[in-house]
Amino acid sequence: MKQIIVAKSAPEAIGPYSHGTAFGGLIFTSGQLPVDGSTGSVVEGGITAQSEMSLKNLISVIEAADGDVNTVLKTTCYLANITDFSTFNEVYKTVFHTDCPARSCFAVKDLPLGVLVEVEAIAHKKTTV
């Protein structure tokens, strides 16, 4: 049965979608933007600060579904500028530093709210129901 994931610390969705869904032992997140859940505003500070916030929001959604950083199987990362790739990688490896998940990372024309990065993931639960 499908479970809707709601992460209290992640920002509210800006459209008709949930933070994520789970089915069986799998967790599927929506793309997480660099929005501070406590203020509802995009964080300032460029690609580094925005990458940190997107990844923080991503992990909070995964944790709300009984996963953690070590249960992430795959991420998809969207960058507004491919020139930010190496800077994004520096932040990314502070979260995923060993046994890294599979990943796709590419530049897109535009992202919601004019942000520089968005990250989504597929993970599995630490325990099964």
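A heavy-atom distance below 4.5 Å is not found between the side chains of Leu73 and Pro101. With contacts defined as side-chain heavy-atom distances shorter than 4.5 Å, the pair Pro11/Asn57 qualifies.
Considering every non-hydrogen atom in both Lys125 and Ala22, the closest pair reads CE-CB, 3.8 Å. The two residues Ala7 and Ser60 make their nearest non-hydrogen contact at CB-O, 3.7 Å. The shortest heavy-atom contact between Ala80 and Leu111 is N-CD1, 3.9 Å.
Panel note: side chain Thr71, backbone His124; a donor-acceptor pair is recorded below 3.5 Å.
Note on residues 99-122: pairs passing ring pair (Phe, Tyr, Trp, His ring centres under 6.0 Å), not counting sequence neighbours, are Tyr78-Phe106. Pairs of residues two or more places apart, or lying in two chains, never qualify as ring pair (Phe, Tyr, Trp, His ring centres under 6.0 Å) while including a residue from residues 36-66. Within the structure, ring pair (Phe, Tyr, Trp, His ring centres under 6.0 Å) pairs that include any residue of residues 29-50 do not occur (at least two apart or interchain). Within the structure, salt bridge (Lys or Arg N to Asp or Glu O under 4.0 Å) contacts touching residues 45-65 (residues at least two apart or in different chains) do not occur. Contacts classified as salt bridge (Lys or Arg N to Asp or Glu O under 4.0 Å) and involving residues 99-112 (residues at least two apart or in different chains) are not found. Sorted by first and then second residue, the ring pair (Phe, Tyr, Trp, His ring centres under 6.0 Å) pairs involving residues 10-61 (not counting sequence neighbours) form an empty list.
Not counting sequence neighbours, Ser86 has no partner by the side-chain hydrogen bond (donor to acceptor under 3.5 Å, both in side chains) test. Partners of Asn81 by side-chain hydrogen bond (donor to acceptor under 3.5 Å, both in side chains), not counting sequence neighbours: none found. Qualifying side-chain hydrogen bond (donor to acceptor under 3.5 Å, both in side chains) partners for Lys93, counting only residues two or more places apart in sequence or in other chains: Glu90. Applying the side-chain hydrogen bond (donor to acceptor under 3.5 Å, both in side chains) test to Thr83 and every residue at least two apart in sequence or in another chain returns nothing.
Cluster partners of Val69, by chain and number: Ile5, Ile27, Ile47, Leu55, Leu58, Ile59, Val61, Ile62, Val72, Leu79, Ile82, Phe85, Phe88, Val91, Tyr92, Val95, Phe96, Leu116, Val117, Val119. The rule joins Ile, Leu, Val, Met, Phe, Trp and Tyr whenever side-chain heavy atoms lie under 4.5 Å apart.
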inquiry  = Pair Lys74, Ser104 - check side-chain hydrogen bond (donor to acceptor under 3.5 Å, both in side chains), show working.
reply    = CA-CA 8 Å; Lys74 181 174 189 318; Ser104 298; 3.1 Å; yes
task = Please report the C-alpha distance between Glu12 and Ile14 in whole Å, then the side-chain angles of each, then the deciding distance to 0.1 Å, and finally whether the side-chain contact (heavy atoms from CB on, under 4.5 Å) criterion is met.
result = CA-CA 6 Å; Glu12 301 244 350; Ile14 60 171; over 6 Å; no
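Between Glu118 and the options Ser54, Cys77, Pro112, Ser30, a side chain to side chain contact (heavy atoms under 4.5 Å, CB included) holds for only Pro112.
The OG1 atom of Thr75 sits 13.0 Å away from the CD atom of Gln32 when rounded to the nearest 0.5 Å.
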Would you mind writing out the side-chain donor-acceptor pairs for residues 33-40 within the sub-3.5 Å range, not counting sequence neighbours?
{"unit_1": "Asp36", "atom_1": "OD1", "unit_2": "Ser38", "atom_2": "N", "d": "2.8"}
{"unit_1": "Asp36", "atom_1": "OD1", "unit_2": "Ser38", "atom_2": "OG", "d": "2.6"}
{"unit_1": "Thr39", "atom_1": "OG1", "unit_2": "Ser41", "atom_2": "N", "d": "3.2"}

